Amino acid sequence: MACFHFKTERLLLRPLQPGDAPAIAAQIGDYDVAKNLSTVPHPYVLYDAEDFIARMEEKRASGSDFVFAILRANDSALIGCIGLHLKEGFFEFGYWLGKAHWGHGYASEAARKLAGFAFGELKAEKLVAGWFHDNPASGHVLEKLGAVPNGVETRDCLARGHAVQCNMMVLARENFGRKRTPA
């Protein structure tokens, strides 16, 4: 599978590299970040990041997962990750940013680029994503892309140690880029 790199106005998205492990562990090791993700334990240590990078490299080679480091273009600092994970014939979309990088529009910028990749290069017809009930900022990122609500489910959260209400959304190819207006 080809190795994709992307550039936006302020960001670079590139495949994960072994040297990313310390920055990933430091940022996702913050409970406020980890609690918004289903499969991230807390505490999260260097070994967890190294294992994650190795697993994502294997899955990228098989064409089932495409996870990218999010870097600021001006200084190449790793500020988060974003990815697509093949599940039951469609891609689930996920992302996180280190807490210091929240509220700057980075997630929306990276998400637009990755959704464009999914619909263009991967020929996806739809993407699904979920956000925990107490993390509405993540839902706003999806709304800006044109995603619409698609029910609520309960998902386990390793960091919290219990199940959490997860608002599911779907982004259809034809709605990509059409910001949803509230009813």
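Any value given below was found using the heavy atoms of this structure, including those in side chains, with hydrogens, waters and symmetry copies removed. This one's a predicted model, so the numbers in the text were calculated from it and none came from an experiment. Residues take their numbers from the sequence shown, with the count starting at 1.
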(Q) Measuring only between side-chain heavy atoms, which start at C-beta, is W96 closer than 4.5 Å to I24? (A) yes

Q: Search all heavy atoms of Q27 against all heavy atoms of G98 and return the closest pair with its distance.
A: OE1-CA, 3.2 Å

Below 3.5 Å, can you tabulate the donor-acceptor pairs from side chains in residues 69-87 to any protein atom, sequence neighbours excluded?
residue: R72; atom: NE; partner: D75; partner atom: OD1; Å: 3.2
residue: R72; atom: NE; partner: D75; partner atom: OD2; Å: 3.4
residue: R72; atom: NH2; partner: D75; partner atom: OD1; Å: 3.4
residue: R72; atom: NH2; partner: D75; partner atom: OD2; Å: 2.4
residue: D75; atom: OD1; partner: A77; partner atom: N; Å: 3.0
residue: H85; atom: ND1; partner: D65; partner atom: OD2; Å: 2.4
residue: K87; atom: NZ; partner: E92; partner atom: OE1; Å: 3.2

Q: Please name all residues satisfying side chain to side chain donor-acceptor pair (under 3.5 Å) with H133, sequence neighbours left out, ordered by chain then number.
A: none

Q: State plainly whether one hydrophobic cluster holds both M168 and L127, where clusters connect Ile, Leu, Val, Met, Phe, Trp and Tyr through side-chain heavy atoms under 4.5 angstrom apart.
A: no

Q) Which value, rounded to the nearest 0.5 Å, describes the distance between F66 atom CZ and F4 atom CZ? A) 6.5 Å

Q.
Just so I know, are the side chains of N150 and M169 near enough to count as touching, which here means a heavy-atom distance under 4.5 Å?
A. no

Q: Treat each ILVMFWY residue as a node, draw an edge where side-chain heavy atoms are under 4.5 Å apart, and state whether F132 and L37 are in one component.
A: no

Q. side-chain contact (heavy atoms from CB on, under 4.5 Å) between W102 and H104: does it pass, once the steps are laid out?
A. CA-CA 6 Å; W102 293 358; H104 300 284; 5.9 Å; no

Which side-chain N or O atoms in residues 156-165 pair as donor and acceptor under 3.5 Å with protein atoms at least two apart or in another chain?
residue: R160; atom: NE; partner: K35; partner atom: O; Å: 2.8
residue: R160; atom: NH1; partner: D134; partner atom: OD2; Å: 2.9
residue: R160; atom: NH2; partner: K35; partner atom: O; Å: 3.0
residue: R160; atom: NH2; partner: D134; partner atom: OD1; Å: 2.9
residue: R160; atom: NH2; partner: D134; partner atom: OD2; Å: 3.1

Q.
Testing the basics here: between A34 and P41, what is the closest heavy-atom pair and its distance to 0.1 Å?
A. CB-O, 4.3 Å

Q.
Quick one, P22 and L46 - any side-chain contact, counting heavy atoms below 4.5 Å?
A. yes

Q.
Please report the interatomic distance CH2(W131) to CG(L142), rounded to the nearest 0.5 Å.
A. 9.0 Å

(Q) Under the criterion side-chain contact (heavy atoms from CB on, under 4.5 Å), I'd like the reasoning laid out for V67 against F52: C-alpha separation, chi angles, the key distance, then a yes or no. (A) CA-CA 10 Å; V67 177; F52 172 71; 4.0 Å; yes

Q) Does L114 belong to the same Ile/Leu/Val/Met/Phe/Trp/Tyr cluster as L122, with side-chain heavy atoms less than 4.5 Å apart forming each link? A) yes

**Q.** Donor-acceptor under 3.5 Å (D51 side chain, D48 main chain)
**A.** no

Q: Report yes or no: do S108 and K144 form a side-chain donor-acceptor pair below 3.5 Å?
A: yes

Q | Verdict with reasoning, R55 to R60, per side-chain contact (heavy atoms from CB on, under 4.5 Å) | A | CA-CA 9 Å; R55 282 185 291 114; R60 174 187 296 277; over 6 Å; no

Q.
Before we go on, tell me: are the rings of F93 and Y95 under 6.0 Å apart, centre to centre?
A. yes

Q. Taking the inter-plane angle between the rings of F176 and F119 on a 0 to 90° scale, is it parallel (under 30°), tilted (30 to 60°) or perpendicular (over 60°)?
A. tilted

Q: Considering non-hydrogen atoms only, spot the tightest contact between V141 and A111 and give its length.
A: CG1-CB, 3.9 Å

(Q) How close do A124 and F91 get, counting heavy atoms only, and between which atoms? (A) CB-CD1, 4.3 Å

**Q.** Residue pairs passing the ring-ring contact (aromatic ring centres under 6.0 Å, His included) test where at least one lies in residues 9-40, sequence neighbours excluded
**A.** Y31-H42

Q | Which atom of G146 lies closest to which atom of L171, heavy atoms considered | A | C-CD1, 3.5 Å

Q: Considering non-hydrogen atoms only, spot the tightest contact between R155 and S38 and give its length.
A: CD-OG, 3.8 Å

**Q.** Pairwise salt bridge (Lys or Arg N to Asp or Glu O under 4.0 Å) hits with a residue in residues 99-122, at least two apart
**A.** R10-E109, D32-K99

**Q.** Sequence neighbours excluded, every pair satisfying salt bridge (Lys or Arg N to Asp or Glu O under 4.0 Å) that has a member inside residues 11-21
**A.** R14-D20

